[in-house]
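This is a predicted model, so every value here is computed, not measured.
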Amino acid sequence: MEGGCTMPAVNVNICPEIINWALSQTQEDKLGDKLMNNITKWLDGTKKPTFNQIEDFSKKANIPLGYFFLQTPPVEQIDLLEYRTVDSVQLANPSRNLVDTIHEMENIQDWMKTYRQDLGFDKLSIVGCMRGIHEVDVIVNRIRRDLEFDDAWYEKSKDAREAFNYIRRQLEVCGVVVMMSGIVGKNTHRALDVDEFRAFAMVDDWAPLIFINTADSNGARLFSILHEIVHIWLGRDDLFNDRQSRISGVSDIEVICNAVAGELIVPKNAFLNKWDMYDMEIFEKITELAKYFRCGETVIARKAIDCKKIEQNIYDEVANTAIKNYKQMKENKQTDGGNYYNTMGSRLDGCLIRALCESINMGRTTYTEAYRLTNTSRKTFSEVAQRLGGVEW
């Protein structure tokens with residue numbers, strides 16, 4: 001504009017119902033005092049918002065701008081929420097971070113399903129193969145057979161992180177897509193909350209998908225991936241939000257999934273032998289056994305209470321202490337973020353990357369679509385593809 005003039009602010013009409021809905025979708029402290037003061041005035045009718053203010057609201061709340069101009073709040077159908085492990089007020093009103101992560105994984109699953117169907121892949125026989133089965137030992141033995149590991153598989157790993165990676169590689173062979181991240185997409189300002197969810201499983205005959213929240217500890221991730229494996233084998237979706245690893249107050253299918261996951265990590269017979277061998281104070285014994293089985297202390301405590309070796313109060317103390325210690329460790333940890341390509345490689349699934357590369361080479365998928373699905377750039381995609389075995393022509 002000539003003379004340094006600026007465009008006047010453009011007021012917009014936004015339905016109060018939409019503003020209230022948008023407020024319910026985010027935490028007020030993320031909006032800031034100035035925006036909250038404006039919102040209060042918009043709702044009491046003493047002020048009208050400008051387009052720029054609504055745009056600011058949209059960005060801070062991570063809500064698509066177009067939603068603000070609807071007459072009624074959008075109805076977002078998120079079927080996965082029906083399969084949450086524990087009913088909670090928080091998941092009755094899920095965060096935008098969780099909603100957007102689910103949608104992102106749905107896009108990946110849809111792409112992978114279409115790719116495998118178009119190329120004539122058979123349905124994966126593991127999906128739902130244990131549907132209707134309630135015997136823990138039967139399910140445990142089937143999963144061990146399908147993933148090709150024995151009772152003492154944990155001895156091949158030095159810690160929970162290595163054990164997790166071993167299980168993930170076995171799933172890759174079976175065709176299960178495993179994605180993991182602690183943020184939404186590539187936005188480091190949108191951290192996923194482990195108190196809201198730890199993992200989820202999306203069942204599909206061609207492209208079953210497991211997502212792991214990396215805001216959790218290594219031991220918790222190991223339990224989560226095995227918990228979700230059971231859901232895939234049972235053929236039932238899951239949104240795993242049980243931070244306390246509850247013994248009661250969960251559905252029958254969750255009792256089965258927890259029992260199977262616990263037995264896969266810590267076989268009962270091996271546990272009982274080691275428990276009797278360790279002559280030490282109870283909490284020290286749990287710590288030592290967690291190191292031996294390469295898992296979290298809560299898993300050991302759960303096995304101990306199931307085997308009637310400890311009482312409920314001991315289990316509760318171990319579970320709560322584990323959460324407290326991990327939160328404290330994260331607060332104290334100083335990190336430079338690690339190697340960027342290693343981090344990106346760990347977030348993405350090897351099956352997915354190799355399929356994308358093959359589809360690109362066949363002319364069925366564009367690089368732009370591959371970058372969108374994987375939240376990468378040209379340089380990053382090529383580097384990650386090379387690390388995960390993808391071949392670009």
Side-chain angles (χ1 to χ4, degrees), residues 80 97-98 100-116 119 121 124 147 161-188 190-192 194 197-202 204 206-216 218 221-222 224-225 228-229 232 240 335 337-362 364-393:
L80 193 62
N97 289 349
L98 172 57
D100 290 348
T101 298
I102 291 174
H103 288 329
E104 186 179 347
M105 292 305 112
E106 287 174 338
N107 289 335
I108 287 173
Q109 184 178 58
D110 288 345
W111 185 92
M112 195 66 160
K113 178 179 182 176
T114 301
Y115 166 81
R116 286 176 170 172
L119 267 63
F121 281 57
L124 299 185
L147 296 183
R161 184 188 183 96
E162 279 196 4
F164 175 92
N165 289 334
Y166 172 77
I167 293 296
R168 189 180 187 183
R169 288 194 297 272
Q170 299 306 101
L171 283 173
E172 193 174 300
V173 174
C174 290
V176 179
V177 177
V178 180
M179 303 288 288
M180 52 192 285
S181 184
I183 60 174
V184 181
K186 53 185 177 182
N187 189 339
T188 56
R190 298 184 65 187
L192 299 178
V194 74
F197 81 104
R198 302 174 71 174
F200 57 77
M202 298 163 55
D204 181 83
W206 277 272
L209 184 147
I210 293 173
F211 181 88
I212 302 294
N213 185 349
T214 58
D216 226 342
N218 287 319
R221 292 181 208 174
L222 175 61
S224 292
I225 196 171
E228 303 302 20
I229 284 171
I232 298 293
F240 189 35
T335 176
N339 181 281
Y340 175 73
Y341 295 114
N342 286 343
T343 300
M344 288 302 301
S346 69
R347 289 178 185 170
L348 299 168
D349 178 79
C351 288
L352 172 68
I353 293 299
R354 289 190 292 275
L356 280 168
C357 287
E358 183 174 348
S359 187
I360 289 169
N361 294 337
M362 295 169 63
R364 300 171 63 93
T365 299
T366 64
Y367 274 106
T368 300
E369 184 176 9
Y371 303 155
R372 179 184 61 80
L373 283 170
T374 57
N375 288 305
T376 58
S377 61
R378 178 177 180 179
K379 180 180 179 182
T380 306
F381 183 83
S382 295
E383 180 67 30
V384 170
Q386 186 175 6
R387 290 169 183 246
L388 296 180
V391 178
E392 297 178 274
W393 292 351

message: So Leu98 and Leu192, do their side chains get closer than 4.5 Å, heavy atoms only?
response: no

- prompt: Within a reach of under 6.0 Å around CZ of Arg161, are more than 12 heavy atoms found that belong to other residues, nucleotides or ligands?
  reply: no

query: What class does the angle between the rings of Trp111 and Tyr115 fall in, given that below 30° is parallel, 30 to 60° is tilted and above 60° is perpendicular?
result: parallel

- prompt: CZ/Arg387 to OG/Ser346 distance, rounded to the nearest 0.5 angstrom?
  reply: 10.5 Å

field: Close side-chain approach of Gln109 to Val177, heavy-atom, < 4.5 Å
entry: no

query: What's the shortest heavy-atom distance between Cys174 and Leu147, and which atoms?
result: SG-CD2, 3.7 Å

Contact check, side chains of Met179 and Ile108, non-hydrogen atoms, under 4.5 Å: yes

task: Start with the C-alpha gap between Ser382 and Tyr367, add the side-chain angles, then the distance that decides, and say whether side-chain contact (heavy atoms from CB on, under 4.5 Å) holds.
output: CA-CA 10 Å; Ser382 295; Tyr367 274 106; 5.6 Å; no

Electrostatic pair Lys379-Glu383, nearest N-O below 4.0 angstrom: no

- prompt: Does Thr380 reach the main-chain N or O of Thr376 with its side chain, forming a donor-acceptor pair under 3.5 Å?
  reply: no

- prompt: Is it true that a side-chain atom of Arg116 and a backbone atom of Gly175 form a donor plus acceptor pair closer than 3.5 Å?
  reply: yes

message: Is there a side-chain contact (heavy atoms from CB on, under 4.5 Å) between Asn218 and Phe164? Walk through the geometry before answering.
response: CA-CA 8 Å; Asn218 287 319; Phe164 175 92; over 6 Å; no

message: Test side-chain contact (heavy atoms from CB on, under 4.5 Å) on Ile167 and Val178; report intermediate values, then the result.
response: CA-CA 10 Å; Ile167 293 296; Val178 180; over 6 Å; no

Close side-chain approach of Tyr371 to Arg378, heavy-atom, < 4.5 Å: yes

field: Considering all heavy atoms, the nearest Gly345-Leu388 contact
entry: O-CD1, 3.9 Å

- prompt: Sub-3.5 Å donor-acceptor pair from the side chain of Asn213 to the main-chain atoms of Gly182, do we have one?
  reply: no

Non-hydrogen atoms of Phe121 and Trp206 that approach each other most closely: O-NE1, 3.2 Å

- request: Output, in order, the C-alpha distance, side-chain angles, deciding distance and verdict of salt bridge (charged side-chain N to carboxylate O under 4.0 Å, His left out) for Arg354 and Glu172.
  value: CA-CA 11 Å; Arg354 289 190 292 275; Glu172 193 174 300; 2.5 Å; yes

query: Going from CZ on Arg372 to OG1 on Thr365, what distance comes out if it is rounded to the nearest 0.5 angstrom?
result: 10.0 Å

message: Within the structure provided, determine whether Leu348 and Met180 are in side-chain contact (heavy-atom separation under 4.5 Å).
response: no

Contact check, side chains of Ile353 and Asp349, non-hydrogen atoms, under 4.5 Å: no

- prompt: At what distance, to the nearest 0.5 angstrom, does OG1 of Thr374 lie from CE of Met344?
  reply: 6.5 Å

- prompt: How far does NE2 of His103 sit from OG1 of Thr101, to the nearest 0.5 angstrom?
  reply: 10.0 Å

query: Going by heavy atoms in the side chains, are Asp204 and Leu209 under 4.5 Å from each other?
result: no

message: Please find the pair of heavy atoms, one from Gly185 and one from Arg347, that lie closest to each other, and give the distance.
response: O-NH1, 4.1 Å

query: So does Arg198 pair up with Asp216, basic N to acidic O under 4.0 Å?
result: yes

field: Heavy-atom pair with the smallest gap, counting every atom of Pro208 and Leu124
entry: CD-CD1, 3.4 Å

message: Looking at Asp100 and Arg190, is there a salt bridge between them, counting it only when a charged N and a carboxylate O are closer than 4.0 Å?
response: yes

message: Test your reading of the model: is there a side-chain donor-acceptor pair from Asn97 to the backbone of Ile183, 3.5 Å cut-off?
response: no

task: Flag the pair Ile360 / Thr366 as yes when at least one side-chain heavy-atom distance between them is below 4.5 Å, and no otherwise.
output: no

query: What is the distance from atom CG of Leu373 to atom CE of Met105, rounded to the nearest 0.5 Å?
result: 9.5 Å

- request: Find the distance between OG (Ser181) and CD1 (Ile212) and round it off to the nearest 0.5 Å.
  value: 12.0 Å

- prompt: Shortest non-hydrogen contact from Glu228 to Ala201?
  reply: OE1-CB, 3.7 Å

